[in-house]
Colleague: 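Got a structure for you, questions after.
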2 protein chains.
Amino acid sequence: MTPVAQALAACNLGDMDKPLETIIVDSILDAIADQRLRAGTKLGEQALSDLFRCNRAHVRRALATLTAYRVVDHLPNRGAFVATPTPQDARDIFQARRAIERVICRNAVNQATEQDIADLRSHLAQEAAAKGQGNRPAAVRLSRGFHVLLGRVGRNPVLSRYLEELTMQSSLIIGLYASAHGTLCAEDEHARLVDAIEARDPDAAQRLLDEHLRHIEAGIEFGDEAPPTDMLSAVLKRS
Amino acid sequence: MTPVAQALAACNLGDMDKPLETIIVDSILDAIADQRLRAGTKLGEQALSDLFRCNRAHVRRALATLTAYRVVDHLPNRGAFVATPTPQDARDIFQARRAIERVICRNAVNQATEQDIADLRSHLAQEAAAKGQGNRPAAVRLSRGFHVLLGRVGRNPVLSRYLEELTMQSSLIIGLYASAHGTLCAEDEHARLVDAIEARDPDAAQRLLDEHLRHIEAGIEFGDEAPPTDMLSAVLKRS
DNA sequence: TATTTTTGGATTGTTAACAATCTGTGTTAT
DNA sequence: ATAACACAGATTGTTAACAATCCAAAAATA
């Protein structure tokens, strides 16, 4: 079983009557968000079409979409690889997150229903549980999930979509550069953010979120040199 | 000659050794930005592959990319259409622009070189010229071009990319809902923005840009009802 | 006449075979 | 022993033929 197969194995293979391309794209995005697929991994067309029991054309289409999302790098005649953001990319991505989540956050303060706040709190509980059990993969996934959920509460699909892209890339960055300790969202920062939203205090919420993002970014250690490259990503130097 | 062919005719058909898919994508994006292609227009695969003298597979790939950019809506078994943003989409898009351009603008104040400022001023001159001649298509294109150029000066490729997407959709929106008069960026707003950047005054620049975007948005008239739909876009109601 | 059904053409979706390119291995020559 | 070269397997890129679906106009029915 290839590494890619392992990473994507326990996925959305239940048919669910959704278009095939969507299933492939979402499976790969999930795997990246959960850090089961790491930066630089090659996504071979054969491997994927075997995995999803489909035509290479479908895989090709899916890879084109992922390339447009900037989550996959496509090198002509060489193939598709999970993107490996450079340290500069990382800084740009986190600046973009601050710009976008700032507004998402204010929207959330204005528009959150009681149901939304309940959902957020229930998510917090899940995060705490995962951390309590020392279940790191789940903690990583839920940590991103909190931000995505907040995006939904903000009710601006354009901003949500960008945020999902950016958190995806943040997962790659953390996988590449995260120091072994720390790095995960301190969940009490999430909790205090929900408090501020419930209190309908936009300025506090915005400030908390901004600090939170700076903490995450600060927790990243840009080794002075190249990213910890495993064979494949050597090829991936951005032009 | 089909309407699509007319819109894309005078385009980047010079080969330029760039990958074919890129040429198709960029041609269509340019045509949308210039409002030669209007919302709801069908992008038939045959028509495009004839136009670009290429395989349908290439067209398909290009359309997948444009769909990922949210500039094209893909309806299964029916085809690809230039997206028709709803009034709610428009509000979301302009809010996103404010969130993003705010930061781009501060970046520009911090990082603009003398060359950058010269470029901006030269762009302003072109805008003035186009308006003076009453050349509306050129004025529309250059008006968007100013914002895109500002994005480049900000030197955050992530934000620039989102801005390019958003200004593209803004072109569609303006094409759909713009009242006949007004609506174009008042170029003196652009000019004053450049002044603020040259004066290295981030707060003034940010304020000017925010107001500028609100003016554009205010100039849009959301007819209470459906967008001015020409046959095809009737099919395009978002799910 | 108005509504439904049928039917033909056109368009999109799918598949498989073929061509071009790359990667790694093994050989040869210096 | 090292470097350049050549070959074979594997991977990506391209193309064309075929199948399924949709759309619009004509025919049939009420």
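As a basis for the values below, the full set of heavy atoms in this structure was taken, side chains included, without hydrogen atoms, waters or symmetry mates. A, B, ... follow the sequence lines: proteins, then strands. Residue 1 opens every chain.
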Colleague: For the atom pair NE2 (B:His74) and CG (B:Leu66), what is the distance rounded to the nearest 0.5 Å?
Modeller: 12.0 Å
Colleague: Assess the residue pair B:His147 and B:His212 against the criterion (side chain to side chain contact (heavy atoms under 4.5 Å, CB included)); give the C-alpha distance rounded to whole Å, side-chain angles, the decisive distance to 0.1 Å, and a yes or no.
Modeller: CA-CA 11 Å; B:His147 291 264; B:His212 175 49; 3.3 Å; yes
Colleague: Mark up nucleotides 7-13 of chain C, 5' to 3', with B wherever a protein heavy atom is under 4.0 angstrom from a base atom, S wherever such an atom reaches only the sugar-phosphate, and - elsewhere.
Modeller: ----SBB
Colleague: I need the CZ-C1' distance between B:Phe81 and D:dC23, as an integer number of Å.
Modeller: 11 Å
Colleague: Side chains of A:Thr86 and A:Asp89 only: does a donor on one sit below 3.5 Å from an acceptor on the other?
Modeller: yes
Colleague: Quick one, A:Arg161 and A:Tyr69 - any side-chain contact, counting heavy atoms below 4.5 Å?
Modeller: yes
Colleague: Between atom CD of A:Gln35 and atom CZ of A:Arg141, what is the distance when rounded to the nearest 0.5 Å?
Modeller: 11.0 Å
